[in-house]
2 protein chains.
Amino acid sequence: MKPKIEDVAKLAGVSPTTVSRVLNNRGYISNETRDKVQKAMNELNYFPNDVARTLFNKRSNLIGLILPTTSNPFFGELTFHLENICASLGYKVLLCNSLNQIDKEEKYLEMLLRNQVDGIIVGTHNRGILDYHKQGLAVVAIDRYLSETIPVVSSDNYEGGKMATDLLIEDGCKCIALIDGVGELETPARLRRKAYVDLMEEYGRAPIIYEIPEVFDKKSQQDVISRLFHECPEVDGVFATNDIFAASFINEATSRGKNVPGDVKVVGYDGTETAQILLPQLTTIKQPIELIAKTAIDILLKEIEREFTDFPLETRLPVKLSKGTSA
Amino acid sequence: MKPKIEDVAKLAGVSPTTVSRVLNNRGYISNETRDKVQKAMNELNYFPNDVARTLFNKRSNLIGLILPTTSNPFFGELTFHLENICASLGYKVLLCNSLNQIDKEEKYLEMLLRNQVDGIIVGTHNRGILDYHKQGLAVVAIDRYLSETIPVVSSDNYEGGKMATDLLIEDGCKCIALIDGVGELETPARLRRKAYVDLMEEYGRAPIIYEIPEVFDKKSQQDVISRLFHECPEVDGVFATNDIFAASFINEATSRGKNVPGDVKVVGYDGTETAQILLPQLTTIKQPIELIAKTAIDILLKEIEREFTDFPLETRLPVKLSKGTSA
DNA sequence: CTGAAAGCGCTTACAG
DNA sequence: CTGAAAGCGCTTACAG
């Protein structure tokens with residue numbers, strides 16, 4: 001069996017209390033005793049049981065991460081950064097891919113609570129979170145408004161939407177469409193659309209909006225884009241609110257014999273590493289993914305430490321235009 | 001504070017033992033008592049503390065996942081499937097992005113052990129795993145040989161490498177180069193290279209191999225590919241052992257005014273959803289990612305349950321040629 | 001059908 | 001400077 005503190009104590013000829021003290025570097029211990037204990041730990045190849053520690057300390061150092069899916073490059077990269085920063089701070093990450101399905105999200109939430117996570121980072125619209133947050137659970141949302149008291153971290157979506165639309169207008173596009181997810185929720189990402197609509201109206205044009213119902217379903221994307229071509233054959237500019245949509249559009253356009261950017265210009269959103277390598281010609285609005293991760297964790301840790309001093313309820317991080325050839 | 005079993009017991013007017021029994025559905029309980037307890041649990045909004053359970057049961061239902069990075073679409077998708085299958089079976093996933101760095105891998109391994117994971121799925125070359133596996137830790141490797149006794153799950157790399165090379169030869173390429181990661185380790189993925197080398201020799205040609213030292217570093221990729229063009233301007237066929245390398249090559253080729261597939265044909269490896277959407281023109285060898293995940297978990301659970309009956313030490317899952325226009 | 005007691009592996013007052 | 005005792009929240013023999 002795995003050695004426990006008692007085994008170490010016996011071998012070193014001291015009490016478990018003493019072993020615990022050298023483990024945690026707490027209280028006074030003579031160097032001689034410390035050495036004895038260290039030697040015993042090495043000999044037995046002893047590692048403390050963090051489950052027992054958690055039970056006593058009421059501190060798991062565990063962070064729950066709920067997001068749609070790491071298959072999506074934006075969330076894949078966000079997950080990488082979140083986890084890596086957590087690890088560097090001594091936190092561990094329990095991963096939950098909810099695919100935005102409410103029932104899954106609720107199960108995951110319960111699972112995280114049972115496992116005594118210290119805090120949760122949410123990238124999905126999990127309303128259940130709300131109740132637990134009120135009961136003192138530390139929560140940070142990424143690109144989601146969950147409640148008045150849950151801090152939100154996001155890229156500057158409005159500015160990004162504005163940059164994208166502006167670029168298409170300046171490029172001389174006459175008929176600019178938006179490809180977006182469906183809009184049940186009031187998310188910050190919805191500001192990308194708002195910027196588009198505002199700008200179109202400012203220029204006296206009617207917004208043309210296409211919504212993709214199942215964001216993570218290829219078929220669903222193709223259907224909507226086909227419809228777009230069917231209903232708006234004169235489209236010559238597209239702002240897609242993420243790079244996957246942009247790529248789907250470009251594929252469909254190309255297979256219809258349209259040239260990008262000759263016949264139709266395209267701007268995406270996200271600017272993940274993956275998209276930049278696989279589709280470098282895409283002009284897109286680049287989110288500061290690592291900075292988003294860093295900021296979210298920063299705020300979450302303040303909540304966990306109950307430093308309700310002055311962390312911001314909403315943080316908008318700057319975006320950058322990444323110029324390719326598609327617009 | 002969070003309610004505990006004792007609070008439920010008091011409210012229901014029974015003993016903690018009884019509450020535990022209804023929680024676990026063990027032993028006989030009268031329906032009347034069960035109802036009383038259920039009601040008390042609802043009223044208090046009680047959830048069992050899994051940390052305490054784990055401590056007693058010596059079973060955490062936690063699976064550790066060590067891989068290079070979820071930023072890479074192959075691992076992002078693999079992670080999604082692994083986690084989702086785990087969740088459906090009542091297991092939870094502790095995520096570790098090691099970036100293939102040995103020191104990180106060792107720290108992660110120790111962390112997982114301290115947290116009493118029931119098993120580990122490894123997609124990196126963590127030699128340390130070896131020792132712990134011998135001490136009874138359940139381990140499954142994906143695309144890695146870690147020891148004689150650690151089961152490996154992978155796609156049929158040799159067959160995939162053969163398909164890719166064959167295709168280029170049949171397409172009439174005269175000068176076919178391989179772009180691969182560096183080859184310190186004897187991994188199954190190395191069979192992709194072996195198939196290429198074997199086939200080239202069979203056709204009486206000299207293998208041309210370019211190795212990318214830092215797989216997850218863009219700069220490193222570009223340097224090697226530039227060198228390839230410099231040293232082999234006559235290259236007219238490339239087998240890249242993953243889609244990211246393939247994309248980098250295509251970008252570099254295009255920016256040098258070469259046409260793909262006109263001047264040079266390219267075949268990749270992996271065939272992730274992401275790459276298929278962002279770079280649909282890429283001809284590639286598609287790994288059955290979900291099946292790999294399912295198989296790995298299957299085997300891991302058998303190890304955990306100590307069903308050392310007959311799980312295979314090596315599983316090679318079939319690949320498929322995904323025909324784009326790049327070759 | 002139900003409960004009192006002991007224990008999972010640790011830590012922290014409290015004594016000495 | 002070190003140790004005995006109690007307790008973190010649960011579960012499981014063992015009685016009754």
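No hydrogens, no waters, no symmetry mates; every other heavy atom, side chains included, goes into these values. By convention in this document, chain letters (A, B, ...) are assigned in the order of the sequence lines, proteins followed by strands, and residues within each chain are numbered from 1. For clarity, every value in this text was computed on a predicted model and none was experimentally measured.
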A/Ser30 and A/Thr33: side-chain donor and acceptor closer than 3.5 Å?
-> yes

_Could you check whether A/Lys92 and B/Asn115, counting side-chain N and O atoms only, form a donor-acceptor pair closer than 3.5 Å?_
yes

Across all chains, not counting sequence neighbours, the side chain to side chain donor-acceptor pair (under 3.5 Å) partners of A/Glu106 are none

Quiz question: by atom type and distance under 3.5 Å, do the side chains of A/Thr18 and A/Ser15 form a donor-acceptor pair?
yes

Note: for B/Ser15 and B/Lys58 on DNA chain C, the residue whose nearest nucleotide lies more 5' is B/Ser15

Need one value for A/Ser30: base, sugar-phosphate or nothing, where a base atom within 4.0 Å counts as base even if backbone is also close, heavy atoms only.
sugar-phosphate

Residues of residues 49-57 of chain A with a heavy atom under 4.0 Å from any atom of DNA chain C, listed by number, are A/Asn49, A/Ala52, A/Arg53, A/Phe56, A/Asn57

Under a 4.0 Å heavy-atom cutoff, the residues of residues 19-26 of chain B touching DNA chain C are B/Arg21

Could you tell me whether B/Glu43 and B/Lys39 make a salt bridge, using a distance below 4.0 angstrom between a side-chain N and a carboxylate O? no

Can A/Cys96 and A/Leu112 be said to form a side chain to side chain contact (heavy atoms under 4.5 Å, CB included), step by step? CA-CA 9 Å; A/Cys96 308; A/Leu112 294 176; 4.1 Å; yes

Salt bridge or not between B/Lys104 and A/Glu83? Use side-chain N to carboxylate O under 4.0 Å. no

Rounding to 0.5 Å, atoms OG1 (B/Thr54) and CG (A/Leu55) come to a distance of 10.0 Å

Verify whether one side chain among B/Glu105 and B/Ser98 offers a donor that lies under 3.5 Å from an acceptor in the other.
yes

With B/Tyr145 as partner, the option from B/Glu314, B/Arg190, B/His125 fulfilling side-chain hydrogen bond (donor to acceptor under 3.5 Å, both in side chains) is B/Glu314

Students should find that the nucleotides of DNA chain C closing off the region near chain A, any atom under 4.0 angstrom from a heavy atom, are C/dG9 to C/dA13

Do B/Glu32 and B/Lys36 sit within salt-bridge range, that is, some charged N less than 4.0 Å from a carboxylate O? no

Residue set satisfying side chain to side chain donor-acceptor pair (under 3.5 Å) with B/Arg34, at least two apart, ordered chain then number -> none

Check: Any ion pair linking A/Asp50 and A/Arg53 (charged N to carboxylate O, less than 4.0 Å)?
Finding: yes

Dot-bracket assigned to DNA chain C with the 3.5 Å Watson-Crick/G-U criterion, [ ] for crossing and | for other-strand pairs, is |||.||||||||.|||

